[in-house]
Structures are given as structure tokens and as C-alpha cells.
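Here is the structure we will look at.
Every chain is numbered from 1 and lettered A, B, ... according to where its sequence line falls, protein lines coming before strand lines.
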Amino acid sequence: MSEKVRVRFAPSPTGPLHIGGVRTALYNYLFAKKHGGTFILRVEDTDQNRYVEGAEAYIAEALDWLRLTPDESPAQGGDYGPYRQSERKSQYAKYAHELVEKGHAYYAFDTSEELTKMRTDQEALGHHSAKYDRRTRSLMRNSLTLSAEESKALIEKNENVIIRLKMPENEVVTFTDIVREDVSFNTDELDDKVILKNDGMPTYHLANIVDDHLMEITHVIRGEEWLSSTAHHVLMYRFFGWQEPKFTHLPLILKPSGKGKLSKRDGAKFGFPVFPLEWQQEEETYAGFREQGYDPKALLNFLVLLGWNPGNDEEVMTKDRMVEMFSLDKIVKSGARFDIDKAKWFNQTYIHKQNVEELLPIAKKVLADNDVSVDDTFLTKYVTLMQERITLYPDFYTEGTFFFHAPAEYDAKQAKKRYTAELDAHFEAIKSIITDGNNEAATLTDNVKSYLNENELKMGVYLPLLRIMMCGSLTGPDLFEIIALLGIEESNQRIDKALVAFKEL
RNA sequence: GGCCCGUUCGUCUAGGGGUUAGGACGCCAGGUUUUCAUCCUGGUAGCACGGGUUCGAAUCCCGUACGGGCUACCA
């Protein structure tokens, strides 16, 4: 690649960043880093009606959490700013006018009522979803149908004045998409898209290509929903005489089951997040991966493989490795269904691979959120014990609650199966072993096991019972590690308590 | 409806004229673990359909079906 790569992630601040948007950002980021290029965040806030307070901050925070840090952005600036389209408003009109002058665009004055009427009229004639195009524009009020004087007067009145792109007649527009290769559209099928709105703001189509040109974007990597309007974009580049960037349209992320692309409400419906961070809007809370205890690195790893592969069997990759392996031509063409089980597996795998030291502050916070505070020595041992038993970070509490609260109830079925009052004397003996023995799990294991052996007692009876006494059920890490960590006093108390409770079962 | 894009195990995917169609998640079984989980081993399951082209198609072509996107003064 001879020119310096510049790519942008261009979300619209109309709500929280969707997981598909995160993947788009990731691919842009990886491509930029792979080629030593620049990753730009540009906020496309040209629609004031859809602007949502806090959405831009959300996007920035999400990218930060995922460490997808832009090189240029509204927050940090750059040589091609401003990076918020609302702040670039004054620039767009002149480009729209340039297109009018060149005969590639025209003014239109139709009210929304007139537009609706045209569509229903066309519908009556048997034309479904009629467009404002080469066929219908002659029926409407615009600078192509009105006299120059009439148009001028209407433009000066400035009511319902917009600029539309004029689609050429019967031309085949072909562009190359890196994923899909050649894609063609006939201009007769394309509508005259509005490029400058009545409020003076550009629509996406104009703003996007003007900014991409001004910001010297070399590669446009965006969702497949833009594929259909790319012909318009390409035409505009040609009208302006600008070099067009290379296009890559990403397959969409689909619902885990059923029809359509993954949407905002699917999170609640399927019971998993579709947003990186939790988001609240109008009394509704949308779950976030961060809040549910996903590691951002694991999320990224899961996402990178949803629609791309490194060309070999590698799955667990660091971000550096992703950068190294990334290439646009390995992007898959078809949509990918979102599978939360795989996301969980990645998260678990990442937790297993982490150093205990990295996990310490995370576990500490999870425990604190559950009103549990522990000292560092305990925490280190606890995390070491729990690390391989955890899928999501909150499991640091839920998988080990018995460490912090003595069991309130016991697995009656399993206890009854093994317990009789005759066993009490031996549990008293085990208590004294715990009391006498040093506090190492290994020593405890040896001492208790040799006691059982010497007295010809069954391990399969005493050990499960001892576990139920400590944990309430037949789950959890190594029994003697638990006892060692709980300490002599607490362990013995649990035995006493259970011995009483077992008789009631 | 029209235009555009797509279709390999349930899911993510590799493979692009000759492969026992490979890997991963999930699921199932066995082993390890006094338990659960982890871990290890094995198994399960797929080329949407119909026509061509070819000695030979999952792979190339056409059609059909199905899925997706777009069809706003939204992005």
C-alpha cells in the first residue's frame, strides 16, 4: 500500500453503540494498525431530531473500555478536525451547490404532503415504494420542472428547499468492494437522494463523502446496510472528480435465532447484552457486556471472529496478533448469527489465561459489590482457587459465596444418604485434626485421610459430608483448600452447626 | 413489489474441480477430580434444491427456494 492508510469509524450518536458497531470499529482499528495507518473517530450527528444526549460520551467510553483508541477524534482533535459533523455544517452547502452548478444536483421544493401524495399516486398506478427518481421528478416541483425565475423565488423564500442528487439516465455504476468484488447498479433504479436538507444540514450521503475526502480517508469499512447507497457515493466522487476510497462492506450480525439482524431489544429477549456498556434510556436499562462481567479483550476476540478468520485455526488471539493477522479479504460474505455461548467460552478462556495479579483488583471489586471485604492474603489464595471455575467476573462471588457466608441450608438429599448420628465422634476427631494440624491444605489432607484410613472409615462418606458442612452442597474447589482458607475456628463451627442441622434433615 | 448481497455441522468458520469435507463453540460419552468446575480423550452433526459444464463438482454456470440489506429532508 503506497499511500498512508486512514480509516474512520463514523457512528451516529442516536443511542448506545451496538455490538455490530463495535465490530466495525474493531475492523477499522485493526486495519489501521496493520498498515501503520490512522484510526479516526468521526461523529455523524447531522440529524438533530435523532440526537440522543449522552450517546457520544457512551461511544467514547465504550471505545476506551475496549482499548480501541482513535488517533483522531472529537475529544483529542487532529489535523483534519473538527470531528463532529455538526461542527462542520458550514462546509457542506458549497459542495452541494457545486453539484447543482455542474448539473448533477437540483433544488426541490416539495412539501412532505406532496411527497406522500406522489407515493400514493404511484402506488395506485401499481408502482411499489415509488422513489423520487428520474421517472417521478418531472411530476414534482423542483428546479428541473420550474422556470428559473420560479425556482429563484422559492430558493429565496427558503421554505422546503432541499438539494437532490440527479441520477444520470441508464448508466451502470460499478464499484469494487473488497469483500464482494464487483457490484453494479443501474442508475435508472436509483433514487435522487437528498443531499442537503432544509435545515442546512447535509444528509449522510453528502457529509460522508465530503468528510471522507477532506479527511483523506483511504478505506471505507462499514456495515452492509450501506452497500445499496454506495453507487450514489461513488457517483458523487466522480462528479466531484475526487479519488474514491476503497470500499469494504461488512456482513451484518444476526439474531441468534429467528429472523433479521441483531437489534436493541434482542438483549432482553435472549438474555444477553448487545451493548458493550450498560445504557439507560426512558426508564429502560439495556444490559452491557462490561457490567455482566465480560473482559473487553475476550469480547474483542469473540467479535473479531464473527465475520473474519485469520486463515488458519487460530482462535484465541491477543490484539497484537489480530493486528498481525488481519486482512480485509478474509472477511466473510454472509451474515453471522450471534452466539453468546461462544462469547462466554472466550471469556472463560481469557480468565484462565490471566495472571492472578491481574485478577486481584477485579475480584476485589466483585466482592466489594457484594459487601464482602477481604485482606490481600486471603484474596490472593481465593482468586488462585477460583480462577479456573469462573466464566464471568461476577462468578467470583456467586461461585464462592460459602467462603463468606456459612451455608444456610444443606443439600439434604446428599447429606441424608451418608449421615447417621454414629458418625459424630469421628467428626469430633476431624475437628481436632483441623485444630492441631498446621493450616496447610496438603497437611490437612494427609492427616484427615490417614485418620480415616487408620479407622477404616470410608472417604466416600466422610469427605462428601465434610464438604456439605463447609459449602452446603457437593460443589466447589478442593475441600482441604477450603478448610485451610476458612481457618480453624470457622471450619470447626461449620462442623458443629452441620452436625446439629443434619439430625433435622 | 423492485434493486443489491448472500447460502458448508444447531452456531462461528476452513476448504474455491479429485479431501475419509478440517477446526472451534454447544451437546453426548469416557478418563482425571472424594464433589462440581477445569483439564484430557473420543463421539455427534454439514456442502439449500434442481438443472447443466466436466472423466470427475461442496467448489464453475444457470434457475429455484430461502435468508439479509436498501427502498426517509435516518444514519
Side-chain angles (χ1 to χ4, degrees), chain A residues 10-14 44-47 49-50 108 110-112 115 119 123 126-133 160-164 177 179-180 183-186 188-191 193-199 201-205 207-208 222-231 249 251-252 254 256-257 259-261 302 305-316 330 332-346 348-349 352 386-391 395 399 411 414 445 449 452 458-468 471 473-480:
Chain A
S12 188
T14 54
E44 307 229 333
D45 54 350
T46 53
D47 187 357
N49 300 319
R50 295 215 306 155
D110 315 278
T111 62
S112 59
L115 253 15
R119 287 183 186 118
E123 191 87 26
H127 302 297
H128 293 272
S129 299
K131 298 185 288 276
Y132 203 115
D133 60 10
N160 287 315
V161 182
I162 60 167
I163 295 179
R164 284 181 183 273
D177 180 280
V179 174
R180 283 152 228 283
V183 179
S184 300
F185 289 86
N186 187 301
D188 283 357
E189 306 284 352
L190 270 22
D191 64 337
K193 287 211 182 301
V194 355
I195 55 175
L196 198 70
K197 299 187 271 192
N198 186 228
D199 63 3
M201 276 290 199
T203 58
Y204 173 89
H205 308 291
N208 194 263
R222 71 214 322 184
E224 195 188 333
E225 68 267 29
W226 295 110
L227 189 61
S228 325
S229 45
T230 304
H249 289 92
L252 267 15
L254 276 18
S257 62
K259 291 183 174 189
K261 63 174 174 178
F302 164 65
L305 261 12
L306 219 53
W308 173 83
N309 69 80
N312 57 31
D313 285 343
E314 280 179 67
E315 286 210 288
V316 178
K330 282 296 194 181
V332 168
K333 292 181 177 65
S334 50
R337 283 191 190 275
F338 189 88
D339 179 17
I340 196 66
D341 282 336
K342 191 122 187 189
K344 284 181 182 165
W345 176 79
F346 270 109
Q348 178 180 260
T349 302
H352 291 354
M386 301 303 285
Q387 180 172 15
E388 65 184 25
R389 322 181 66 81
I390 270 142
T391 302
D395 296 343
E399 289 295 308
D411 184 333
Q414 294 296 338
T445 309
K449 284 188 176 174
L452 293 175
K458 284 182 180 160
M459 293 211 288
V461 171
Y462 287 83
L463 266 14
L465 280 173
L466 197 51
R467 171 177 295 282
I468 294 171
C471 312
S473 66
L474 291 177
T475 55
D478 183 87
L479 176 57
F480 296 101

Aromatic ring pairing A/Phe346/A/Phe302, orientation class (parallel under 30°, perpendicular over 60°, tilted between): tilted

A/Lys197 side-chain N/O to B/A75 phosphate OP1/OP2 under 4.0 Å: yes

Whole-Å gap separating P (B/C3) and NZ (A/Lys193): 16 Å

Between C1' of B/C3 and NE2 of A/His127, the distance in whole Å: 16 Å

From A/Asp133 atom CG to A/Lys193 atom NZ, the distance as rounded to the nearest 0.5 Å: 11.0 Å

Phosphate OP1/OP2 of B/A75 contacted by A/Thr46 side-chain N/O (<4.0 Å): yes

Inter-nucleotide P distance (B/G42, B/G67), Å rounded: 39 Å

Touch class at under 4.0 angstrom, heavy-atom based, for A/Asp177 against every strand present: nothing

A/Asp339 CG - B/U13 C1' separation (whole Å): 12 Å

Length of the CG-C1' vector between A/Leu254 and B/G67, whole Å: 8 Å

Interatomic distance, A/Thr230 atom OG1 to A/Arg222 atom CZ [nearest 0.5 angstrom]: 4.5 Å

Of A/Glu225 and A/Leu479, the one whose closest RNA chain B nucleotide lies more 5': A/Leu479

Interatomic distance where CZ belongs to A/Arg180 and P belongs to B/G6 [whole Å]: 6 Å

Sugar-phosphate only, base, or nothing, as touched by A/Phe185 at under 4.0 Å among non-hydrogen atoms: sugar-phosphate

Separation of the P atoms in B/G1 and B/U8, to the nearest angstrom: 23 Å

Sugar-phosphate, base or nothing in reach of A/His352, heavy atoms under 4.0 Å: sugar-phosphate

Residue closer to the 5' end of RNA chain B, A/Ser184 versus A/Glu388 (nearest nucleotide): A/Ser184

Touch class at under 4.0 angstrom, heavy-atom based, for A/Arg222 against every strand present: nothing

Basic-acidic side-chain contact under 4.0 Å: A/Lys342, A/Glu315: yes

Touch class at under 4.0 angstrom, heavy-atom based, for A/Gly460 against every strand present: nothing

Sugar-phosphate, base or nothing in reach of A/Lys330, heavy atoms under 4.0 Å: sugar-phosphate

B/U34 - base-pair partner by Watson-Crick or wobble geometry, distances under 3.5 Å: none

Base paired to B/G1 (Watson-Crick or G-U; both N/O distances under 3.5 angstrom): B/U71

P spacing across the pair B/U54 / B/A65, given as an integer number of angstrom: 27 Å

Polar side-chain contact A/Asn160-B/C73 base: donor and acceptor under 3.5 Å: yes

Sugar-phosphate, base or nothing in reach of A/Leu252, heavy atoms under 4.0 Å: sugar-phosphate

Touch class at under 4.0 angstrom, heavy-atom based, for A/Arg337 against every strand present: sugar-phosphate

Interatomic distance at P, B/A21 relative to B/G16, whole Å: 14 Å

Partner nucleotide, any strand, of B/G63 [Watson-Crick/G-U, under 3.5 Å]: B/C49

Spacing between A/Lys342 atom NZ and B/U11 atom P, to the nearest angstrom: 13 Å

Pair partner, B/A14 [Watson-Crick or wobble, under 3.5 Å]: none

C1' spacing across the pair B/C55 / B/C62, given as an integer number of angstrom: 22 Å

Whole-Å gap separating P (B/A75) and CG (A/Leu227): 19 Å

Touch class at under 4.0 angstrom, heavy-atom based, for A/Thr14 against every strand present: nothing

Sugar-phosphate, base or nothing in reach of A/Pro251, heavy atoms under 4.0 Å: nothing

Distance, P atom - from B/C25 to B/U38, rounded to whole angstrom: 11 Å

Whole-Å C1' distance, B/G30 and B/G63: 49 Å

Partner nucleotide of B/C28 by Watson-Crick or wobble geometry (both distances under 3.5 Å): B/G42

Whole angstrom value for the distance that separates P of B/U71 from CG of A/Asp133: 14 Å

